[in-house]
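This report concerns only the one structure given below.
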There are 2 protein chains.
Amino acid sequence: MNSNGDGITQARETGTLGKLMVLLDLVTHADAPLRFTDILSLAGQPRGTLHRQLSHLVEEGLLELDGDGRYSPGLRLLDFAARSWARNEFRLIAEPHLAALQQATGETVHLGVLRGSSIIYLDKVEGRQSVRMYSQIGNASPCYCTGVGKAALSLLAPESLRGLVAGLSFTRFTASTHVSAETLLAEIREIADRGYAFDCEEHEAGIRCVAAPVWSEDRTFIGGISITGPAYRLSMELLREWAVPVQLAAERIMEGMRIRLGPRR
Amino acid sequence: MNSNGDGITQARETGTLGKLMVLLDLVTHADAPLRFTDILSLAGQPRGTLHRQLSHLVEEGLLELDGDGRYSPGLRLLDFAARSWARNEFRLIAEPHLAALQQATGETVHLGVLRGSSIIYLDKVEGRQSVRMYSQIGNASPCYCTGVGKAALSLLAPESLRGLVAGLSFTRFTASTHVSAETLLAEIREIADRGYAFDCEEHEAGIRCVAAPVWSEDRTFIGGISITGPAYRLSMELLREWAVPVQLAAERIMEGMRIRLGPRR
DNA sequence: ATTTTTGTTCCATTATTTGGAACTTAATTT
DNA sequence: AAATTAAGTTCCAAATAATGGAACAAAAAT
């Protein structure tokens, strides 16, 4: 029953916590608040069991139950996340370099890390603000159709890569989305050779990006940074030019991490 | 023991999930990554037990363990929170009204809800952007020293209010922070009468705000909106003037919720 | 008014968590 | 370098919590 949408869930689903997290995933990934019965059919568990599990999640503030008996994600999650984000060392170190890259190109810059088979966006720097915060930050996107994702994959050892790709279920988002392991693996090899990746409207029509891989020495972080923008403004030629500054920024971030984290180990 | 910093934790700490959440709280509320031994002393649990609990949290991506054996909040929390935020109905309805209020005054506008004895900020609209996102959103602040917090308290029934205030542990942030239940309750009564609240540098020196209460009909949300800014620019006189537009915006948000949520109940 | 659907509570059975102790590994001291 | 101490991990019988079927209650639909 592990209908695991996009592979953040890396855990086996045994253990009390594991079961509860499956439920939390279910509710947070839904498009609208779910009623008890909806969850019942999705989770495929006995009513009594499910009821108690949901009650526990509500008690802890991880879910909220409104007057109509509909379950939504709890706001306590926001508090946890705000702290998680504010203190993230990788993000703190990368921030100035992302800002510089944004200044230099005028386009939107992203920072993301690989978790399971998803990219979680850690930061986003935009030129013209006024865009909603949280708009992208925290969001999980598939690794096989994003610049940051493919850059991250290019860092994996052959076995890990094969294992990860084997577990992917491809969704076609646009005409150019990779939908087979073979073409994806071929492109990853190219990316590993040249050191940077493109996303040519593979995730969203009309959106392109160049991305460079970033990693920490202890491999806790495997991710990347990217410059993203509309296809009409970002020709492939321009993107190829920008590969240089993106790679440079990636270098500087990794240097920053060595300085900051190095001494302790 | 349950050294519960600021009262978001509303749950009893029994049950498997409850115990794990205490740990998650501990790690996310710390200022830096914690080592096993640090957590051991803070949590006061047997080593074997703690070790397994932490392992489970790491397996689920709620905590991360780096190469130096230090535990940090997990990035999976970001994914949960991003979804929780993106879909929050209250926030979606309030958004345009917050933006309008920001435009009208030129100052920063906040939206927050009461959870336990904390205010969780759901949204923030700033004039001059370039400020870091997540900067305030998701953060939990005490209810007794914020405009939104006091506005929210003014909505509670006498018994609930007394119960909540009795459980508060006051921290003096500035010279004007409320540090006794009596003076706080007195001010809450005033606020309930006039319909809006001030924060005169009670949480942060040099920062003032006016806030109006907002609530949903089913009382799922009890919170408020505020206009915040530096004391040198926001005289008390100006804040009193702004009480009107803030209350108006609050009215419109509540109207929006009735329209959006009403039909179904 | 009756039936059906939906949501909640109960409790013996089953599975998981607990915590002390033994064990391994890493860091510090002599 | 050996000895000592501290830090982290694994194990297993006992204690505790979760399970799931069924009975019960409340709301909708007929």
Side-chain angles (χ1 to χ4, degrees), chain A residues 1-2 9 11-27 30 32-60 62-72 74 217-218 220 261-265, chain B residues 1-2 9 11-27 30 32-60 62-72 74 217-218 220 261-265:
Chain A
M1 287 282 134
N2 183 20
T9 314
R12 60 164 218 284
E13 65 203 53
T14 93
T16 309
L17 180 61
K19 292 168 204 159
L20 292 173
M21 295 306 283
V22 170
L23 283 183
L24 195 51
D25 241 19
L26 242 160
V27 176
L34 295 176
R35 322 199 79 247
F36 180 81
T37 319
D38 303 330
I39 306 177
L40 186 62
S41 62
L42 288 167
Q45 287 200 80
R47 296 145 73 95
T49 302
L50 181 67
H51 188 262
R52 186 181 26 74
Q53 289 173 330
L54 290 174
S55 304
H56 284 172
L57 289 168
V58 169
E59 267 183 87
E60 292 297 335
L62 299 179
L63 288 183
E64 306 205 342
L65 177 56
D66 69 19
D68 294 346
R70 301 178 312 169
Y71 292 88
S72 318
E217 259 168 19
D218 66 355
T220 308
L261 303 177
R264 278 183 226 157
R265 11 211 109 204
Chain B
M1 305 282 143
N2 182 20
T9 316
R12 64 165 215 282
E13 63 203 57
T14 91
T16 308
L17 180 61
K19 292 168 204 157
L20 290 174
M21 294 306 284
V22 170
L23 283 183
L24 194 52
D25 240 20
L26 242 160
V27 176
L34 296 176
R35 321 200 82 242
F36 180 82
T37 320
D38 302 331
I39 306 177
L40 187 62
S41 62
L42 287 166
Q45 288 201 79
R47 295 147 72 96
T49 302
L50 181 67
H51 187 263
R52 186 181 29 73
Q53 289 174 331
L54 290 173
S55 305
H56 283 171
L57 289 167
V58 169
E59 266 182 88
E60 292 297 337
L62 300 178
L63 288 183
E64 306 206 343
L65 176 57
D66 68 20
D68 295 347
R70 302 178 312 170
Y71 292 88
S72 318
E217 258 168 17
D218 66 355
T220 307
L261 302 178
R264 279 185 226 156
R265 9 208 113 208

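Keep in mind that what you see is a predicted model, and the values were worked out from it rather than measured. Chain identifiers are assigned alphabetically (A, B, ...) following the order of the sequence lines, protein sequences preceding nucleic acid strands; residue numbering begins at 1 within each chain.
- At dG8(D), none of the side-chain N or O atoms of His51(B) fall inside 4.0 Å of OP1 or OP2 (strictly under the cut-off).
- As a whole-Å value, the separation of Glu59(B) CD from dT9(D) C1' is 15 Å.
- OP1 or OP2 of dA18(D) has at least one side-chain nitrogen or oxygen of Thr16(B) nearer than 4.0 Å.
- The shortest distance between the side-chain N/O atoms of Arg52(B) and the OP1/OP2 oxygens of dG19(C) is not below 4.0 Å.
- The phosphate of dG19(C) (OP1 or OP2) has no side-chain N or O of Arg47(B) nearer than 4.0 angstrom.
- Rounded to a whole Å, the CZ atom of Phe36(A) is 17 Å from the C1' atom of dA28(D).
- Counting heavy atoms from C-beta on, the side chains of Leu50(B) and Leu23(B) come closer than 4.5 Å.
- Distance CG (Asp68(A)) to P (dA26(D)): 19 Å, rounded to an integer number of Å.
- Between the CG atom in Leu62(B) and the CG atom in Leu20(B) there is a gap of 8.5 Å [rounded to 0.5 Å].
- Rounded to an integer number of Å, the gap from Leu17(A) CG to dT17(C) C1' is 13 Å.
- Among dT17(C), dT8(C), dT18(C), the nucleotide with an atom closest to any side-chain atom of Thr49(B) is dT18(C).
- Among the nucleotides dG20(C), dT17(C), dT16(C), the one closest to the side chain of Lys19(A) is dT16(C).
- Side-chain proximity of Thr37(A) to the nucleotides dA7(D), dT16(C), dT6(C) is greatest for dT6(C).
- Panel note: side chain Arg52(A), backbone Arg47(A); no donor-acceptor pair is recorded below 3.5 Å.
- For the OP1/OP2 pair of dT19(D) and a distance below 4.0 Å, the side-chain nitrogens and oxygens of Gln53(A) include at least one atom meeting the criterion.
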